[in-house]
S.K.: 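Here's a structure for you.
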Amino acid sequence: MPAWKDGRLGLPVREAVKLFPELEKYLDERGRLDLSNRRARILYNRAVARAIFGLDIEYHPRGLVTTPISRYLFMRIFLRGGERVLEIGTGHTALMALMAAKIFNCDVTATELDEEFFEHARKNIKRNNARIRLLKSGGGIIRGVVPEGERFDVIFSAPPYYEAPTRGVLTEREAVGGGKYGEGFSVKLIEEALDYLGSGGRVALLLPNKEPLIRAVVEEGKERRYRIRDVRFKAGTRWRHGLVLEVP
C-alpha cells in the first residue's frame with residue numbers, strides 16, 4: 001500500500017513544504033497549514049500526490065481540489081489489480097484514472113464532459129507517462145460514449161450528487177445529479193453499466209455521507225439485481241461511502 005516513509009497514509013506538512021516551498025507562507029506560528037486557502041490546498045495535495053503516489057498532478061484554476069488520499073481509499077475497496085476499468089468523469093486531474101493505471105496496473109478508459117477539463121486531464125496523463133484512453137463524453141454517461149460491445153471488469157465514478165446548483169467551483173453540470181436526492185446520475189449510470197459489464201463485473205460509486213442519497217441508489221441497484229456492498233470510510237474529517245454494486 002502506498003504510504004509515507006513513516007508507514008502512514010499521509011504527508012507531514014513539513015515534508016510538503018520541502019517539495020513546494022511556497023507553502024511556507026500559508027503556515028501559522030504553530031506550523032499549521034491554512035487549508036481554507038485554495039492555493040494552499042492545491043500545493044499540499046500536489047505534494048501528497050507526488051510523495052505518496054508518485055504522481056505529478058496539475059490542478060485546473062476552476063476545478064475541484066480533489067484529495068489523493070480519499071480517492072485512493074475509495075479505489076482500494078473495489079480494485080484488486082490488473083482489471084479493465086472505465087472511469088466516468090475523470091475531471092481535470094485524471095487522478096483516479098492515473099491511480100488505476102499506475103498503482104493498480106489496470107487497463108484504463110476514462111471519460112470527461114468539460115472541454116477545458118478534458119484537455120487538462122490529457123496533459124496530466126501525458127505528464128505521468130500513463131497509458132489511458134480518454135474519451136469526450138459530450139453529455140452522455142456510457143451509452144453513446146463508449147463503443148457498443150466493449151466490456152469492463154469495473155466501471156467507477158465520483159458522480160454528481162447535489163439536488164440543486166451550489167456555490168463554489170463546481171458547475172451545475174458537474175455538481176447536480178438530478179432526482180429527489182441527487183441520485184439521478186448514479187441511477188442512470190448503474191442502469192447503462194449493465195450493457196458493459198460481464199458476470200461478476202462491478203460498479204463503484206464514491207458518494208458523500210447522505211443517507212437518503214445512498215438509500216435511493218441502493219434501492220435502484222436492488223431493482224436491477226445487483227449485489228450491493230456499502231463501505232463507509234473516513235478521509236480527513238469527512239465520512240465517505242464506497243458503494244460497490246456487483247453483477248450476479
S.K.: Verify whether one side chain among Ser186 and Glu183 offers a donor that lies under 3.5 Å from an acceptor in the other.
M.R.: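 Absent: no donor and acceptor within the cut-off.
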S.K.: Any Lys/Arg nitrogen of Glu22 or Arg39 sitting under 4.0 Å from an Asp/Glu carboxylate oxygen of the other?
M.R.: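 So Glu22 pairs with Arg39 through a salt bridge.
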S.K.: Please name the pair of heavy atoms, one in Ile125 and one in Ala94, separated by the smallest distance, quoted to 0.1 Å.
M.R.: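 Smallest interatomic distance, heavy atoms only, reads CG1-CB, 4.0 Å.
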S.K.: If the condition is side-chain hydrogen bond (donor to acceptor under 3.5 Å, both in side chains), which residues does Glu83 pass it with, not counting sequence neighbours?
M.R.: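 Testing Glu83 for side-chain hydrogen bond (donor to acceptor under 3.5 Å, both in side chains), a comparison that skips the adjacent residues, returns Arg202.
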S.K.: Salt bridge or not for Lys222 and Glu219, using N-O below 4.0 Å?
M.R.: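 Judged by the 4.0 Å cut-off on N to carboxylate O distance, Lys222 and Glu219 do not form a salt bridge.
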S.K.: Quick one, Thr90 and Thr111 - any side-chain contact, counting heavy atoms below 4.5 Å?
M.R.: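 With C-beta onward as the side chain, the pair stays apart.
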S.K.: Main chain of Met99, side chain of Arg71: is a donor-acceptor contact present, judged purely on distance under 3.5 Å?
M.R.: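 Not confirmed, Arg71 side chain does not pair with Met99 backbone.
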S.K.: Any salt bridge linking Glu58 with Arg46? Criterion: basic side-chain nitrogen under 4.0 Å from a carboxylate oxygen.
M.R.: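 Looking at Arg46 together with Glu58, the answer is yes, because their closest N to O distance falls below 4.0 Å.
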S.K.: Minimum heavy-atom separation for Thr67 and Ser70, please, with both atom names.
M.R.: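 For Thr67 and Ser70, the tightest heavy-atom pair comes out as OG1-OG, 2.5 Å.
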S.K.: Between Arg224 and Glu220, is the closest basic N to carboxylate O distance under 4.0 Å?
M.R.: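 Counted as a salt bridge, because a side-chain N and a carboxylate O are separated by less than 4.0 Å.
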S.K.: Is a donor from one side chain sitting under 3.5 angstrom from an acceptor on the other, for His60 and Glu116?
M.R.: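 Yes, side-chain donor-acceptor contact under 3.5 Å.
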S.K.: If we check side chain to side chain contact (heavy atoms under 4.5 Å, CB included) with Ile155, which of these qualifies: Leu205, Thr109, Leu189?
M.R.: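 For Ile155, the side chain to side chain contact (heavy atoms under 4.5 Å, CB included) check succeeds only for Leu189.
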S.K.: Might you confirm whether atom CG of Asp28 has over 12 heavy atoms from other residues, nucleotides or ligands at distances under 6.0 Å?
M.R.: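 Result for CG/Asp28: enclosed.
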S.K.: To check you understand the geometry: which heavy-atom pair defines the closest contact between Glu112 and Asp114, and what is its length?
M.R.: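 Scanning both residues completely, I find the closest heavy atoms to be OE2-N, 3.0 Å.
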S.K.: Locate the shortest heavy-atom distance separating Ala130 from Lys102; write the atom from each residue and the value.
M.R.: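 Where Ala130 meets Lys102 most closely, the heavy atoms are CB-CD, 4.1 Å.
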